[in-house]
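Values below: all heavy atoms of this structure, side chains included; hydrogens, waters and symmetry mates excluded. Since the model is a prediction, treat every value here as computed from it, not as a measurement. First the proteins, then the strands, lettered A, B, ... as listed; each starts at 1.
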Protein chains: 2
Amino acid sequence: MTPSTATTLTPGARRILEVASSLFYERGIHAVGVDTIAAESGVTKRTLYDRFGSKDGLVVAYLAERDRRWRELVVDALEAAAPDPSSRVDAVFEVLATWTAANGRGCSFVNAAAELPDPAHPARALIREEKQWLRERFADVLTEGGVADADAVAATLLLLHEGAFVVLSAGQDPDAVSEARQAAGAVVRASLGSAGDRAGRGPHGSTS
Amino acid sequence: MTPSTATTLTPGARRILEVASSLFYERGIHAVGVDTIAAESGVTKRTLYDRFGSKDGLVVAYLAERDRRWRELVVDALEAAAPDPSSRVDAVFEVLATWTAANGRGCSFVNAAAELPDPAHPARALIREEKQWLRERFADVLTEGGVADADAVAATLLLLHEGAFVVLSAGQDPDAVSEARQAAGAVVRASLGSAGDRAGRGPHGSTS
DNA sequence: TCCTTCCTTCACAGGTCTGTGTAGTCTACC
DNA sequence: GGTAGACTACACAGACCTGTGAAGGAAGGA
């Protein structure tokens, strides 16, 4: 538990960030004005600009804070899981299930990317890194589990993970996460199977 | 080839829709004002409101038109493909490759969903139907190909398809679509293998 | 000739947006 | 007592937002 970014904030700044985080996520970034954020934080606009410099600065802080909280969950889940690749990958998808249960509006990074087309926007780097980080966690788990083509399998797992987020929120399929979880399990088992023999049962074949 | 929605539009309305489509997609819906759209279409704001009623009406028309064009591509590709499930599923992912090459800002429906949180917004129904439609096309192809658990496999294919879109645009991984295409091929082959033929190369084997 | 459709021109209402300038208060700490 | 930091209060700039009202021109069909 390293002292988080949140700890270094002044009380007003922390309230601003909490309110902004909630409003940006629920309503969208462009749809929420700084006046609203300041009012709901019980703070003046002056304070908001003194703390975060600009609306963009606040947006970046919002994404960074969500990123931090989510990574913490993933890291903790990976440490708590049984050491075999199937269990560890499944733990990541369980975090997704928990996270989406409390965050019904999809992935804040994907949503932010939709609203911030400028590739030079500082938030875009955060978004890119978030996806890459998860992919690397998958690859680590698979490599440590002895999977040969860990990078390729990790790529597939990332696709399933992100696909679940989108199909759940935009497509409104309530089973998306559990579908992804099952498919991920099948992919991991197939990749473990192919380490020894190349047969590979189907992704929807018999489970335990 | 049924006469499309576009054909019934007046010349001015068609220009408005073309411009709005381009601007909404490239910059986002909230970020583009009706003044800009009217000006770039060489049309007055009055005409825009006479044709589409409101900005929301124009947004719905924009999404419906993109939906129509994309479905046309998918239907054509499915008809042109060899009749086996692997080829037909691959054809859908080839459409995705073509489409994303010309549409670098991700899925317009996912982006719209990010900007339109209200579940009652008419665009949300379009978005939900679009994802469902693709899933049903996958399920049809698999059922006709004799796959037993066609629905579950179709769900996985949809996850890979949507995941590719997101990882490409938000995650900025240029290989996302081809990764999804390969993974989809492996999933389909595995599901076929578990029905009849036992070919089952690994999930990351050679593709043609 | 009349009527409809499409579109133009232009002003305007009423609001919201991000961001700044100025002045001053309260609290904690040295 | 002095000082620094956090915060309030509030007006304001300048731009942009969606949407409407009133009046009229031009083309094509009945």
- Message: Test of understanding: with side chain to side chain donor-acceptor pair (under 3.5 Å), list the residues that count as partners of A/Arg27, not counting sequence neighbours.
- Response: none
Ion pair [X]/[Y], N-O distance below 4.0 Å:
{"X": "B/Arg68", "Y": "B/Glu65", "answer": "yes"}
{"X": "B/Arg14", "Y": "B/Glu18", "answer": "no"}
{"X": "A/Arg124", "Y": "A/Asp118", "answer": "no"}
{"X": "A/Arg71", "Y": "A/Glu130", "answer": "no"}

- Query: How would you list, by chain and number, every residue that makes a side-chain contact (heavy atoms from CB on, under 4.5 Å) with A/Ala91, sequence neighbours excluded?
  - Reply: A/Ala77, A/Ala81
- Taking only residues two or more places apart in sequence, or in another chain, which ones meet A/Thr143 in a side-chain contact (heavy atoms from CB on, under 4.5 Å)? A/Ala150
- Query: Hey, are the side chains of B/Leu159 and A/Leu159 touching, using non-hydrogen atoms and a 4.5 Å cut-off?
  - Reply: no
- Message: So A/Tyr62 and A/Leu58, do their side chains get closer than 4.5 Å, heavy atoms only?
- Response: no
- Mark up nucleotides 25-30 of chain C, 5' to 3', with B wherever a protein heavy atom is under 4.0 angstrom from a base atom, S wherever such an atom reaches only the sugar-phosphate, and - elsewhere. ------
- Item | Sequence-aligned protein contact record of nucleotides 14-30 of chain D, with B where the base is within under 4.0 Å of a protein heavy atom and S where only the sugar-phosphate is | ---SBBBBB--------
Using whole Å, what does the distance between atom [atom2] of nucleotide [N] and atom [atom1] of [X] come to?
{"X": "A/Ile16", "N": "C/dT18", "atom1": "CD1", "atom2": "P", "answer": "14 Å"}
{"X": "A/Asp50", "N": "C/dA23", "atom1": "CG", "atom2": "P", "answer": "16 Å"}
{"X": "B/Arg51", "N": "C/dT8", "atom1": "CZ", "atom2": "C1'", "answer": "12 Å"}
{"X": "A/Arg27", "N": "C/dT16", "atom1": "CZ", "atom2": "P", "answer": "13 Å"}
{"X": "A/Phe52", "N": "C/dT18", "atom1": "CZ", "atom2": "C1'", "answer": "16 Å"}

- Message: Contact list please: residues 113-127 of chain B against DNA chain D, heavy atoms, distance less than 4.0 Å, in numerical order.
- Response: none
- Item | Side-chain N,O (A/Thr47) to OP1/OP2 (D/dT8) below 4.0 Å | yes
- Would you check if the side chain of A/Glu179 reaches a backbone N or O of B/Ala155 as a donor-acceptor pair within less than 3.5 Å? no
- Which of these passes side chain to side chain donor-acceptor pair (under 3.5 Å) with B/Asp173: A/Lys131, A/Arg135, A/Gln132? A/Arg135
